[in-house]
**Q** 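Quick one: the structure is below, questions incoming.
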Amino acid sequence: MKVIGQIELKLSAANVYSKLSDARFFASCIEGVSNLIEKSPNVYSATLETKVAYIKLKFEISVEIIEKVEPSRIVAKSEGTPIGMVGRLVSTSSANLIEKDGKTLVDYEIDVSLTGKLGSLGQPVIRSKIKEMEFQFTKHLKQAFNLAEE
Amino acid sequence: MNARIQSQFGEIGRKISRLEAKSKVTGKAKYTHHLKLPGMLYAKVFRSTVAHGRIIKVDVTEAKKVEGVYDVLISVDIMKFIPEPYYGPAFLDQPILAIDKVRYVGEPVAVVLSTDPHIAEYATQFIEAEYEELPAVYDELEAMTSKAIVHDELRPSGTFPDLKHLMGKKNTNIALDYHLKRGDVEQSFKDADFVFEHTFKTQQVMHTPLEPMVSLADVNLNEQHVTIYSATQSPSFVRLEIARLLGWSENQVRVIVPHLGGGFGAKLYIKLEALVTALSMIAGKPVKLSQTMEEQFYTITKHPTTFKIKSAVNKSGKIIGRRCDVWWNGGAYADIGPRVTQKSGFTAAGPYDIENVEIESYALYTNRPPSGALRGFGIPQLVWAYERQIDIIAHELSIDPLEIRRINLLKNGRPQATGTIMKDAALDLVLERLATRMNWSSTHPKRNGSIKSGRGIAIGFKASVAPTTSTALVTINADGSCILSMSSVDMGQGSDTAMAQIVAEVLHLKSENIRVVNPDTDSTPYDMATLGSRSVFHMGNAVKLAAEDAKNKLKLLAKDAGLGEDYAGPFSDIFTKKYGMQAGTLVGFGAYIPSYTPPDKKDGSTTNATPFWMVGATGVELEVDSETGHINILKMINIVDCGNPLNPAIVETQLSGAAIMQVGFSLTEIMKLDNGQVTNASFSDYKIPGFNDIPIAFENEMIDSYQSNGPFGAKGVGESATFGVSPAIANAIQDAVGVSLSELPMTPESIFKAIKNQHNKRAGA
Amino acid sequence: MKSFDFFEAPSVEIALDSLDVDDLQIRPQGGGTALMLMMKSGVYQPSKLVSLRGIKELRDIRLSQTGELIIGSMTSLSEIEHSELVRSHAPVISDTMKRLANVRVRNIARLGGALAHGDPHMDLPPLLSALGATVITISKNGRRSIEVIDLYKGYYETALKADELIESVCIPNLNNSRCVYLKCTTRSAEDWPALGVALKLKIINNHFIDVHIVFGSIGEVPLEMKQVQDLLEGKHASNDTLDAACELAYSLVEPSGDALGSAEYKKELVKVYLKRALVQAINHEGAVK
């Protein structure tokens with residue numbers, strides 16, 4: 001499934017870019033991420049724990065930043081294995097930054113696909129969760145940038 | 001000649017209940033599911049989560065440590081016992097467990113064995129597999145030219161004579177290409193008054209037999225023998241193929257088939273049998289693999305297709321030329337796809353008398369779950385296209401849809417596209433009977449308001465597969481009772497009962513008293529397989545010959561016993577006289593293989609394409625809710641030519657069953673894939689028809705006809721009522737709301753969109 | 001499926017004792033039909049299920065002194081479907097049951113479980129919301145009542161705490177209200193609703209009074225269309241009013257697309273089905289109390 005959106009930030013593109021490409025900053029905006037380890041430049045591993053109502057989901061994720069065009073584009077590829085069931089989560093996220101009048105528009109596109117049990121029978125649950133995570137993430141991101149401004 | 005010869009003795013044509021009916025409804029019938037052997041292990045499969053990739057590693061160490069796990073196996077373990085673990089009826093392309101590469105999401109990669117099936121499932125999550133992902137291809141047209149090549153090398157299996165010529169190609173996803181050329185199609189396009197070109201598509205669906213696939217293997221290495229209990233439609237093929245894989249003789253492999261909870265083509269050739277055999281060999285214990293409904297979607301499906309059909313038509317409505325380009329999406333492994341492509345391919349131009357025909361039919365590899373045989377065997381996909389187009393042509397030329405079919409329909413004595421002269425194919429009778437039952441000549445009332453009504457018809461045909469071999473044994477016991485031994489599998493279609501009726505007719509016995517043994521390759525002789533509606537004709541002929549052989553032998557025995565050849569008393573007398581007591585056995589044998597001429601390699605022509613044709617037509621009256629796109633089928637009529645029905649009651653259920661199945665494929669069923677993963681692999685989200693989906697008036701009829709070379713004039717019928725269902729519905733929708741649908745399934749949303757687009761187009765114009 | 005503890009509670013008190021407000025892996029079970037699907041898919045793996053099927057007090061249908069219909073949470077959907085009391089007091093519920101899931105599910109599934117499940121594609125939540133029903137819950141802290149419309153927070157998420165059980169559902173007296181529930185399925189006839197529209201309203205002197213409209217299967221929770229209710233309130237039950245209401249609903253609603261229909265298609269269905277439901281109410285075709 002694809003999630004497409006846009007955030008407007010009152011900062012220069014260069015500023016936004018440097019923060020977005022900082023893995024720790026980025027991860028701090030996602031709820032449930034822990035254990036972030038840099039394996040090699042641009043490659044990270046982490047644990048993602050989340051829940052939908054009473055259903056707990058835990059993933060071991062690896063992220064690789066596969067494209068970096070300063071200060072306009074970042075593309076990251078992540079792969080996650082759910083704990084407790086056979087499956088796989090694959091996601092490609094891209095962010096395009098456009099600066100205009102001192103503000104930056106971040107156009108993001110996240111493509112998520114699930115295979116295994118999660119992908120065959122758990123689809124509707126995950127879809128709703130992804131939308132919720134998108135909402136939380138953009139909220140945290142804006143807050144974090146507002147703090148950064150100050 | 002279409003005369004129905006009444007059964008002399010009275011067993012043929014009787015509407016008796018199926019012999020096993022009481023057992024089934026009281027829960028006494030035995031299925032492979034029931035079987036437990038001492039020391040048996042359950043197997044649970046760990047599957048690929050990647051659509052196309054090289055296997056970097058499969059780490060089973062953690063899984064092996066789980067308490068209660070007997071062992072965890074991957075392909076290298078299998079290769080220690082079976083160095084070349086590849087199988088397949090057309091190409092030996094399918095590995096027992098993935099080797100080096102995975103080619104679709106859901107492909108078996110590893111197996112956990114345990115005495116507890118829940119532990120086996122639990123342990124699969126501890127298996128770690130790493131893949132180097134490769135680009136994947138999912139669409140059949142894309143696969144023609146894609147750089148993503150699914151198989152680097154292809155090895156033809158050579159098992160079946162009609163597929164012996166397979167070579168495959170390298171660096172391509174084309175598993176087979178079939179060509180037929182008759183006359184000059186390009187010239188016909190120049191000569192014709194009109195040229196129509198349309199593209200039609202069908203979707204990937206699954207048979208969903210309510211009994212998922214299940215197999216149990218018991219290898220005895222001391223005796224160098226394996227017994228396989230399997231829900232299979234092709235026990236003889238399984239024996240042959242397992243023997244080949246192990247380098248054993250056929251008599252070292254025994255395949256036993258209890259009842260089947262539905263097959264529909266899903267349980268053919270090798271499905272789980274090679275895997276459980278290999279596992280049992282390695283583990284030294286019986287191994288059973290029982291799939292879930294979800295896993296069936298990862299095992300075998302129906303070919304999605306794209307069919308481009310171009311017709312040269314004169315203003316009178318006569319089709320003078322037709323070019324068919326058909327692309328079959330075979331998924332990651334060929335299974336029987338090449339036969340679908342070829343055997344169905346040659347009827348792609350439809351049951352029409354067309355001078356100039358060119359057919360190009362391609363079987364493609366893609367990274368989807370494999371496609372194989374499903375009730376209809378490619379014919380419904382073809383009929384969808386040619387019966388939609390002929391209606392569109394009729395509409396454009398303002399000719400009645402019935403009339404345009406009359407103008408073009410093939411008649412007996414005329415050559416079909418291959419050049420084979422049509423014989424015993426009651427196309428015209430079926431069409432006319434449908435027209436009468438549909439009251440076609442009376443005008444159909446149009447309605448005001450948002451509910452629109454419409455009606456549509458469609459007719460299709462299929463050639464029976466050939467050449468194939470069937471053999472049967474009819475045994476007479478000392479007390480005169482009779483046993484029929486054959487490897488045809490009764491999967492709910494009633495073959496046991498029908499064959500018993502043939503034996504009873506020949507030997508003047510009562511059908512209910514014939515014992516039909518379930519297939520056991522140690523005692524039931526060779527049959528090609530139970531598929532393609534072939535059993536009644538091919539096995540029926542073999543059974544009839546076997547019964548006649550038994551009858552002749554009884555005569556000789558009676559003569560030998562001094563009772564005289566024409567002794568009319570009970571069989572038991574003959575035995576008593578001959579052996580002095582109730583002793584002895586008499587066996588009659590029958591073998592049948594029809595004549596066949598393979599198609600010419602250059603132009604696909606043959607004078608003897610098939611021993612019999614199946615004909616089926618459907619008429620539909622429905623309502624369309626033009627505000628939402630919902631349809632309501634008020635009436636569906638299915639008419640078939642099945643020759644002389646051995647058991648009309650069973651035939652009627654074959655017709656309704658086939659039509660209902662096709663209604664599901666027409667309206668609600670579609671396998672949805674996301675990055676190769678089937679996302680609706682359960683009845684929660686893959687909806688098949690229930691009682692409330694059956695048309696309100698639902699009528700099924702067999703016309704009066706006779707198959708001259710069939711047993712007592714009978715021929716196959718299991719698929720005939722699938723042919724015309726989808727296009728008849730679409731033609732009725734076009735009649736009701738004027739939209740032309742070209743893809744399946746026809747969901748309310750797709751119909752709504754079509755209505756809206758048409759509305760916008762009209763508003764724009 | 002991983003193994004789990006299965007405990008059949010003989011009473012409400014013991015059932016409540018077995019639950020834990022902090023432990024999400026312990027869950028009460030009614031009929032278990034929805035729970036089973038989640039466990040089979042591997043998405044939910046409980047450590048313990050507390051079955052309520054042995055608790056007879058939770059299984060009844062009665063009228064309160066003030067004329068409300070009270071249905072115990074462990075009453076099966078089949079029992080509700082065939083109950084004479086339900087048919088005489090809330091026939092819209094009886095009629096809705098006929099198309100809810102299928103007969104095999106209805107024989108096993110229970111009212112409490114159906115309401116506690118929280119899947120957006122269900123018939124009872126929007127219907128009972130429109131009827132103004134409330135659930136009475138019980139926990140060690142006592143009872144509380146929650147209006148059905150307020151019960152749902154998100155996908156599978158309800159206002160219920162992990163140590164709280166639905167005891168009964170209370171449907172108010174539907175005096176002189178016209179109630180309609182229309183279910184749109186887009187696949188087989190027995191399917192989850194692609195869209196459900198529930199109406200409760202009165203028509204007095206040909207004017208709409210006390211209008212309640214709730215949609216199901218539109219978003220993650222049942223959707224009460226307040227602005228459309230306000231538009232209709234007090235208005236003349238004419239075709240123009242209906243069209244205005246449906247246009248407003250169409251413009252306001254932002255459905256989530258899913259396996260049963262795309263967002264655009266659901267939007268169109270909202271317009272069509274709202275009109276049909278209103279027409280049915282006007283023509284007394286729906287259940288009338």
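Protein chains get the first letters and strands the later ones, always in sequence-line order, with residue 1 at the start of each.
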**Q** More than 12 non-hydrogen atoms from neighbouring residues, nucleotides or ligands closer than 6.0 Å to CD1 on C:Ile108, yes or no?
**A**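 No, because the 6.0 Å sphere around CD1 of C:Ile108 holds 12 heavy atoms or fewer from other groups.
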**Q** Taking everything shown except B:Lys756 itself, do over 12 heavy atoms lie less than 6.0 Å from its NZ?
**A**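 Counting other residues, nucleotides and ligands, NZ of B:Lys756 stays at 12 neighbours or fewer.
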**Q** Count the heavy atoms of every other residue, nucleotide or ligand shown that sit under 6.0 Å from CD of C:Glu8, and state whether that count exceeds 12.
**A**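 Atom CD in C:Glu8 is packed in, count exceeds 12.
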**Q** Would you say that more than 12 heavy atoms from the other residues, nucleotides or ligands in this model lie under 6.0 Å from the CZ of B:Phe683, or not?
**A**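 Correct, the count exceeds 12.
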**Q** Nearest 0.5 angstrom please: B:Tyr686 OH to C:Ser188 OG, how far?
**A**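 So the gap between those two atoms works out to 11.5 Å.
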**Q** So do the side chains of C:Cys184 and B:His630 get within less than 4.5 Å of each other, counting heavy atoms only?
**A**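 Touching, per the 4.5 Å side-chain cut-off.
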**Q** Quick check: do B:Asn692 and C:Glu190 have side-chain heavy atoms less than 4.5 Å from each other?
**A**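 Sidechains of C:Glu190 and B:Asn692: in contact.
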**Q** With a sphere of 6.0 Å drawn around NE2 of C:His121, does it hold more than 12 non-hydrogen atoms of other residues, nucleotides or ligands?
**A**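 Enclosed.
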**Q** Of B:Thr747, B:Asp685, B:Thr668, B:Asp693, which meets side chain to side chain donor-acceptor pair (under 3.5 Å) against C:Arg187?
**A**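 Testing C:Arg187 for a side chain to side chain donor-acceptor pair (under 3.5 Å) against B:Thr747, B:Asp685, B:Thr668, B:Asp693 leaves exactly one candidate, B:Asp685.
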**Q** Which atoms of B:Ile119 come close to chain C, meaning under 4.5 Å heavy atom to heavy atom: side chain ones, backbone ones, both, or neither?
**A**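 Interface part for B:Ile119: neither.
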**Q** Below 4.5 Å from any heavy atom of chain C, which atoms of B:Thr292 appear? Answer side chain, backbone, both or neither.
**A**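 Nothing of B:Thr292, per the 4.5 Å heavy-atom cut-off to chain C.
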**Q** Quick one: are C:Lys271 and B:Glu627 in side-chain contact, heavy atoms under 4.5 Å?
**A**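 In short, these two side chains do not touch, never coming nearer than 4.5 Å.
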**Q** Quick one: CD on C:Glu264 to NZ on B:Lys753, what's the gap to the nearest 0.5 Å?
**A**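 Going from the CD atom of C:Glu264 to the NZ atom of B:Lys753 covers 6.5 Å.
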**Q** Give the minimum heavy-atom separation between B:Pro748 and C:Tyr265, together with the two atoms involved.
**A**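 Distance-wise, the nearest heavy atoms are CB-OH, 3.3 Å.
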**Q** Does C:Leu37 reach the side chain of B:Ser684, with side-chain heavy atoms less than 4.5 Å apart?
**A**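 Answer yes - side chains close enough.
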**Q** Report, as yes or no, whether the 6.0 Å neighbourhood of atom NE2 on B:His759 holds more than 12 heavy atoms from other residues, nucleotides or ligands.
**A**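 Not more than 12 within 6.0 Å, no.
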**Q** Do B:Thr628 and C:Leu269 have side-chain heavy atoms sitting under 4.5 Å apart?
**A**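 They are in side-chain contact.
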**Q** With only heavy atoms counted, which part of C:Thr185 is less than 4.5 Å from chain B, the side chain, the backbone, both or neither?
**A**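 Just the backbone, heavy atoms under 4.5 Å.
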**Q** Mind running side-chain hydrogen bond (donor to acceptor under 3.5 Å, both in side chains) on C:Thr186 and B:Glu749 for me, showing each step along the way?
**A** CA-CA 8 Å; C:Thr186 53; B:Glu749 184 165 351; over 6 Å; no
**Q** Answer yes or no: is there an ion pair linking C:Arg276 with B:Asp625, defined by an N-O contact shorter than 4.0 Å?
**A**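 Salt bridge flag = yes for B:Asp625 with C:Arg276.
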